[in-house]
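Here is the structure we will look at.
Lettering of chains follows the sequences in order, A, B, ..., and the numbering in each one begins at 1. These numbers come from the heavy atoms of this one structure, side chains and all, not from hydrogens, waters or symmetry mates. Predicted, not measured: the structure shown is a model, and the values here were computed from it.
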Amino acid sequence: MKSMLTGLVAIVVIALGANLLLKQAGFASHEQFSGSSVRLNVVK
Amino acid sequence: MRVLIWLLVCLITALPATAQTTPDRSASGGAQTLADIMARQNGETLDDSIRRDNTGDPIGAAAVPQLGTRGGVSDPEFWRALRYGTADVRVSAGGEVATVLVQDGGIRWLNFRAGPLRQYGGWLLLGTLALLAVFYLLRGKIRIEGEMTGRTVTRFKAVERFGHWLLAGSFILLGITGLITLFGRVLIAPYLGREVNAALLEAGKWVHNNVAWAFIAGLVIIFVMWVAHNLPSRTDLAWISQAGGIIGSKHPPAKKFNAGQKVIFWSVVLFGSSIAVTGVSLLFPYELPLFAGSFALINDIGLPGLLGWGELSTDLTPQEEMQLAQLWHAILGFVLMAIILAHIYIGSIGMEGAYDAMGSGKVDEAWAKQHHSLWLEEIQLDPDAVSFENPTKREN
């Protein structure tokens, strides 16, 4: 049971970590595939 | 696997596979006729080279001193070039992806996703649940024969159980959020409202994109830990010949993993890897095209020729790469979900004592002898592996 809970906690930790890292790395379609002349209604 | 390849190939080659007709175009001077348009609307495939190749003559126009409009390319010719992806489009941002202004693969993808994918995928899952319910009603729970010994052996160590639950938990989350993404519009929005569906989709997308990394980590962990135990062996043949003891009362000998568990393991590893790779390709759009290269490899092997198909297209737009990645990701996801439903069944209500192996990690010797006798013999050589503490209690 302890291993199961540890596994589930690890899922949450990995997901939060991945989200943070990818956000900081700028991996979003609007950042990857648009130029500065393109207006996007993106709230930052 | 063959069925999956067939499905994919059908998807790609569906249009060219139908009969070719060559209507009389003399009345239109070689241009497309009403018959062409009607035939296309009826879903027939036509030789469209009269349009595909009719995109102007810039080289010939260069010699014309004047009135060589647009370098020998008229408006219709220019639009045809855009339509077939041969126009010389240059963009200031977005790279190759942005140069594709028109591509009709999108509508084929949309139709397949909204039609056969939902339909057959949904029936696969419901059919699997129905089969398991019928099997349970007919066979009931597989009980441990005889008395429990009160002695337990360690079936899975803590690190093994951690890897299993990391993979299992993430897969369940990915499965649920994937199903919401695919079925939300038709199963949630009409009943709970668009706002609820939108909120679920937004949350589901976050979960799907980020929990994917836990799934990949779990996949690597279980592969490293269990691959050696899951190589095929001669004992698998005996296990298969007796249907693993699930049907009837025989209990064929098995090592740590029986043939059924090996099928689950390799399904998870192979399908899971393919799902993971296509998932990463979808996470980073257009950065990791997979299918043109894969199709070229399959063509080189000669597989399409052996099956009487034409060569698979290796000239895919970046958008088509994404469309194929999404469909392959979803098809394999459905297949793996169906397999895992059976795995969850046998690991919970289907077999007495099976859950203990992944719950506490310890199983009663009687259970181990019944289901994994060869493994028990190996493990009993290690006196530390057998414990007289915390005996498993028989469920009633």
- Atom group of Leu167(B) that falls short of 4.5 Å from chain A, counting heavy atoms: neither
- Message: Less than 4.5 Å to any heavy atom of chain B: does that hold for the side chain of Leu8(A), its backbone, both, or neither?
- Response: side chain
- Message: Ring centroids only, cut at 6.0 angstrom: are Phe156(B) and Trp226(B) within range, meaning strictly under it?
- Response: yes
- In Å, rounded to the nearest 0.5 Å, how long is the span from CG of Leu332(B) to CG of Leu327(B)? 11.0 Å
- Task: For chain A, find which of Val211(B), Val91(B), Asn210(B) contributes the most heavy-atom pairs closer than 4.5 angstrom.
- Result: Asn210(B)
- Query: Is the Trp375(B) ring parallel, tilted or perpendicular to the His372(B) ring (thresholds 30°, 60°)?
  - Reply: perpendicular
- Hey, what do you get for CH2 (Trp165(B)) to OG (Ser3(A)), rounding to the nearest 0.5 Å? 10.0 Å
- Message: If I measure from the heavy atoms of chain A, does Ala98(B) come under 4.5 Å with its side chain, its backbone, both, or neither?
- Response: neither
